[in-house]
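First the structure, in the form of structure tokens, and then the observations on it.
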Protein chains: 2
Amino acid sequence: MTDIMKDDYELRKETIDQMESVDEETLADLADLFKIFSDSTRIRIMYSLFIKELNVQEIADALGMQQSAVSHQLRILRRSNLVKIRREGKNIYYRLSDSHVFTIFSQGLEHISE
Amino acid sequence: MTDIMKDDYELRKETIDQMESVDEETLADLADLFKIFSDSTRIRIMYSLFIKELNVQEIADALGMQQSAVSHQLRILRRSNLVKIRREGKNIYYRLSDSHVFTIFSQGLEHISE
DNA sequence: ACCTCATATGAACACTTGTTCATATGTTTA
DNA sequence: TAAACATATGAACAAGTGTTCATATGAGGT
């Protein structure tokens, strides 16, 4: 290991002191979270919700997908607390539930653009 | 939509102005990136590399896995530029390739702890 | 109560993916 | 160059996942 790399790792190690207590179960949960982001349909759904909340049919139209497929994916997003719903008459409007979605998104984009 | 939510979305919309040009292909790439993080074996490998670089057998031992399985996963991580290698004699040492891995990790952990 | 519309759900199917086993590649040392 | 060791790779298999089709649930309007 070169000195430069060693320093790099020492620095990182300090930075992740808070992370050191992460156990196996948490790592599995982490993998499960990223699994939600790993499908392009779900990514596109979340992205469409960045601008404004939409109901199921609006999402399906925007993505050129069947209502059923969208509904199945929304179920998964809801179960993981990534989206929340609001009922208005017959329609159900979906929106992103917290800002972590945005942060995870933008970090991913930053990695890609290199 | 309530006024509070409207404000929330207006605010978010401003924040993601830079994101607005994201096209379908980029979203697919994004999903592919997160797909790498979506397997607990790969997550555990990356986590083990936070502390210091390791060779293949050290990773396999640390995770209680077969060398072959680890090697297959390392291949995937390498292809996505998430790890880099350094040869030292017969051994090949793996290390994380950039700090985005760390950032993506910690954002994920933050979401989980809620 | 009935019909209509929006959404959800279950089963079936094709496709993807991670692991194992066996073996190949490539490097060091005798 | 041959043996020993570390790593990579290909084929096969089991398990998981997203979509479609058909249908169920639930709310509003007549």
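Computation of the quantities below employed the complete heavy-atom set of this structure, encompassing side-chain atoms and omitting hydrogens, waters and symmetry-equivalent molecules. Chain letters run A, B, ... following the sequence lines, proteins first, then strands; residues in each count from 1.
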**OP:** Report yes or no: do Ile92(B) and Leu54(B) belong to one cluster of Ile/Leu/Val/Met/Phe/Trp/Tyr joined by side chain heavy-atom distances under 4.5 Å?
**Re:** yes
Subject >> Separation of dT17(D) P from Asp32(B) CG (nearest whole Å) >> reply: 17 Å
**OP:** Flag the pair Leu96(B) / Phe50(B) as yes when at least one side-chain heavy-atom distance between them is below 4.5 Å, and no otherwise.
**Re:** yes
Original post:
Starting at the 5' end of DNA chain D, which residue's closest nucleotide do you reach first, Ile76(A) or Asn55(B)?
Top reply: Asn55(B)
Check residues 30-39 of chain B and write down every donor-acceptor pair under 3.5 Å in which the side-chain atom is one partner and the other belongs to a residue at least two apart or another chain.
{"unit_1": "Ser38(B)", "atom_1": "OG", "unit_2": "Lys35(B)", "atom_2": "O", "d": "2.6"}
{"unit_1": "Asp39(B)", "atom_1": "OD2", "unit_2": "Thr41(B)", "atom_2": "N", "d": "3.1"}
{"unit_1": "Asp39(B)", "atom_1": "OD2", "unit_2": "Arg42(B)", "atom_2": "N", "d": "3.2"}

Subject >> Separation of dT19(D) C1' from Leu74(A) CG (nearest whole Å) >> reply: 14 Å
Original post:
Within this structure, what is the CD1-to-C1' distance between Ile85(A) and dA6(C), rounded to whole angstrom?
Top reply: 13 Å
Subject >> Nearest-Å distance for atom pair CG/C1', residues Leu63(A) and dG18(D) >> reply: 14 Å
Subject >> Side-chain N or O of Tyr94(B) closer than 4.0 Å to phosphate OP1/OP2 of dA8(D) >> reply: yes
Original post:
In terms of hydrophobic clustering (I, L, V, M, F, W, Y; side-chain heavy atoms under 4.5 Å; direct or indirect links), are Leu109(B) and Leu82(B) co-clustered?
Top reply: yes
Subject >> Rounded distance in Å - CZ (Arg86(A)) to P (dA6(C)) >> reply: 16 Å
**OP:** Starting from P on dA8(C), measure out to CD1 on Ile45(A) and report it in whole angstrom.
**Re:** 11 Å
**OP:** May I ask you to check whether Asp23(A) and Thr26(A) show a side-chain donor-acceptor distance below 3.5 Å?
**Re:** yes
**OP:** Return the orientation label for the Tyr47(B) and Phe105(B) ring planes: parallel under 30°, perpendicular over 60°, tilted otherwise.
**Re:** parallel
**OP:** Give the rounded distance in Å between these two atoms: NZ of Lys35(A) and C1' of dT17(D).
**Re:** 10 Å
Subject >> Summary of protein contacts for nucleotides 19-28 of chain C, nucleotide by nucleotide, where a base hit scores B, a sugar-phosphate-only hit scores S (4.0 Å, heavy atoms) >> reply: SBBB----BS
Subject >> Atom pair distance, as rounded to whole Å: CD1 in Ile92(A) and C1' in dT25(D) >> reply: 11 Å
